[in-house]
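Everything on this sheet refers to the single structure shown next.
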Amino acid sequence: MPQTSAPLSIELALLGYVRSHAMHGYEIYQKLLNPGGLGDVWRIKQPLLYAYLKRLEAEGLLRATVELQPDRPPRRLLAVTPAGEEAFQQWLVRPVAHGRELRLEFLAKLYFARCEDDAVALSLLDAQLQQIDEWIERLCTHRRTLPAEAVYERLVTDYRWGQVRAALDWLTAVHTELLQSSSAERQCHG
């Protein structure tokens, strides 16, 4: 089925849960609630999760099979399709484009990148650090071009620069920590 619109990043992150084995929607929901994982970052109401999963299925990124259960209603098991795997892998290694996406999308990418391998996480961090360097350069260039009377715009630019600089400091610390940590310490969705 042709894709009608680009999936939201949160939807692509959900593919990370079903890559290793098929799961039913409630099992994915339970994984999202777990502390030490995406539950520390994202809060998704159960009906919204099911809507995201339906959209991923409609776009051909997930496929559902029905599992019959004795004395219980049948349940739908979801598995990632080859197209879903490709979309997930492309999403996983691409740095976020805006600072506001660091808190949710980047942290989700970092979670699943660490589940893959520390090398994948370090590659993602390197790409994001490069992206942040570009943001800082653009903000500095913009600030230099502001006329003296643009006080408010300069204050806003300085605020944004401070946020981006804090993100740069945090990403640098994460990079250092991952270089020092062992892959065996990872706790993933498995």
Side-chain angles (χ1 to χ4, degrees), residues 1-34 36-69 72-132 134-135 171 174 178 183 186-190:
M1 175 177 270
Q3 192 168 326
T4 56
S5 61
L8 301 171
S9 63
I10 195 169
E11 291 168 312
L12 289 172
L14 294 173
L15 295 173
Y17 284 113
V18 295
R19 291 177 60 234
S20 61
H21 66 279
M23 293 183 176
H24 55 86
Y26 186 71
E27 187 178 4
I28 296 169
Y29 181 69
Q30 292 298 100
K31 294 274 186 195
L32 280 167
L33 296 177
N34 286 343
L38 290 185
D40 290 340
V41 178
W42 283 350
R43 302 285 186 265
I44 301 174
K45 294 189 184 291
Q46 199 170 354
L48 184 57
L49 170 67
Y50 287 116
Y52 287 154
L53 294 173
K54 279 190 177 292
R55 181 171 169 189
L56 288 167
E57 188 179 352
E59 292 181 2
L61 303 178
L62 282 178
R63 75 172 172 279
T65 56
V66 175
E67 179 185 55
L68 299 176
Q69 304 179 97
R72 301 185 79 184
R75 64 181 182 177
R76 293 169 36 91
L77 285 175
L78 300 165
V80 70
T81 65
E85 178 65 26
E86 183 179 336
F88 179 81
Q89 288 298 328
Q90 289 174 3
W91 170 83
L92 184 64
V93 299
R94 189 175 46 243
V96 298
H98 306 284
R100 66 183 172 271
E101 297 167 343
L102 285 168
R103 189 181 80 76
L104 295 177
E105 184 176 355
F106 179 79
L107 287 173
K109 288 177 186 231
L110 182 60
Y111 173 76
F112 285 113
R114 290 210 60 228
C115 290
E116 293 288 310
D117 184 87
D118 281 344
V120 174
L122 288 166
S123 178
L124 172 63
L125 283 164
D126 288 339
Q128 195 62 60
L129 285 164
Q130 182 178 354
Q131 181 73 46
I132 286 189
E134 292 171 16
W135 296 345
L171 285 168
V174 169
L178 287 183
S183 295
R186 289 179 287 160
Q187 295 180 3
C188 294
H189 56 279

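The figures here come from the full heavy-atom set of this structure, side chains too, leaving out hydrogens, waters and symmetry mates.
Put simply, the side chain of Glu27 reaches to within 4.5 Å of the side chain of His21, judged on heavy atoms. Side-chain contact between Leu15 and Trp91: absent, with no pair of heavy atoms (C-beta onward) separated by less than 4.5 Å. Here the side chains of Arg76 and Glu57 are in contact, with some heavy-atom distance below 4.5 Å.
Atom CG in Leu124 sits 11.5 Å away from atom CD in Gln131 (nearest 0.5 Å). With rounding to the nearest 0.5 angstrom, the CD1 atom of Ile28 is 11.0 Å from the CD atom of Gln46. Rounded to the nearest 0.5 angstrom, Lys109 NZ and Leu125 CG are separated by 12.0 Å. Distance check, rounded to the nearest 0.5 Å: CG of Leu62 to CG of Leu77 gives 11.5 Å. To the nearest 0.5 angstrom, Tyr111 atom OH is 9.5 Å from Asp40 atom CG. Here the OG1-CZ distance, from Thr81 to Arg63, works out to 7.0 Å after rounding to the nearest 0.5 Å.
Listed here is the closest heavy atom pair of Val66 and Pro74: CG1-CB, 3.6 Å. Here the shortest heavy-atom pairing between Ala127 and Val93 reads CB-O, 4.5 Å. What you find for Val18 and Met23 is that their closest heavy atoms are CG1-CB, 4.1 Å. Scanning both residues, Val41 and Leu104, for their nearest heavy atoms gives O-CD2, 3.6 Å. In terms of heavy atoms, Ala108 sits closest to Ala13 at CB-CB, 4.2 Å. In plain terms, the two heavy atoms of Leu110 and Ala121 that are nearest each other are CD1-CB, 4.2 Å.
Annotation: side-chain hydrogen bond (donor to acceptor under 3.5 Å, both in side chains) contacts involving residues 119-129, sequence neighbours excluded, comprise Asp126-His175.
Remark: Glu134 CD is packed, more than 12 non-hydrogen atoms of other residues, nucleotides or ligands lying under 6.0 Å away.
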Between Leu12 and Leu61, is a side chain to side chain contact (heavy atoms under 4.5 Å, CB included) present by the stated rule, with each step listed?
-> CA-CA 9 Å; Leu12 289 172; Leu61 303 178; 4.2 Å; yes
Given salt bridge (Lys or Arg N to Asp or Glu O under 4.0 Å), test Glu105 with Arg94 step by step and report yes or no.
-> CA-CA 11 Å; Glu105 184 176 355; Arg94 189 175 46 243; 5.6 Å; no
Full working for side chain to side chain contact (heavy atoms under 4.5 Å, CB included) between Arg19 and Glu116 | CA-CA 11 Å; Arg19 291 177 60 234; Glu116 293 288 310; 2.4 Å; yes
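Considering Leu53, Leu14, Thr65 as possible partners of Leu78, the one that fulfils the side-chain contact (heavy atoms from CB on, under 4.5 Å) test is Leu53.
Formation of a donor-acceptor pair under 3.5 Å by the Tyr29 side chain with backbone atoms of Lys45 is not found in this model.
Note: Tyr17 and Phe112 have perpendicular aromatic rings, judged against thresholds of 30 and 60 degrees for the angle between ring planes.
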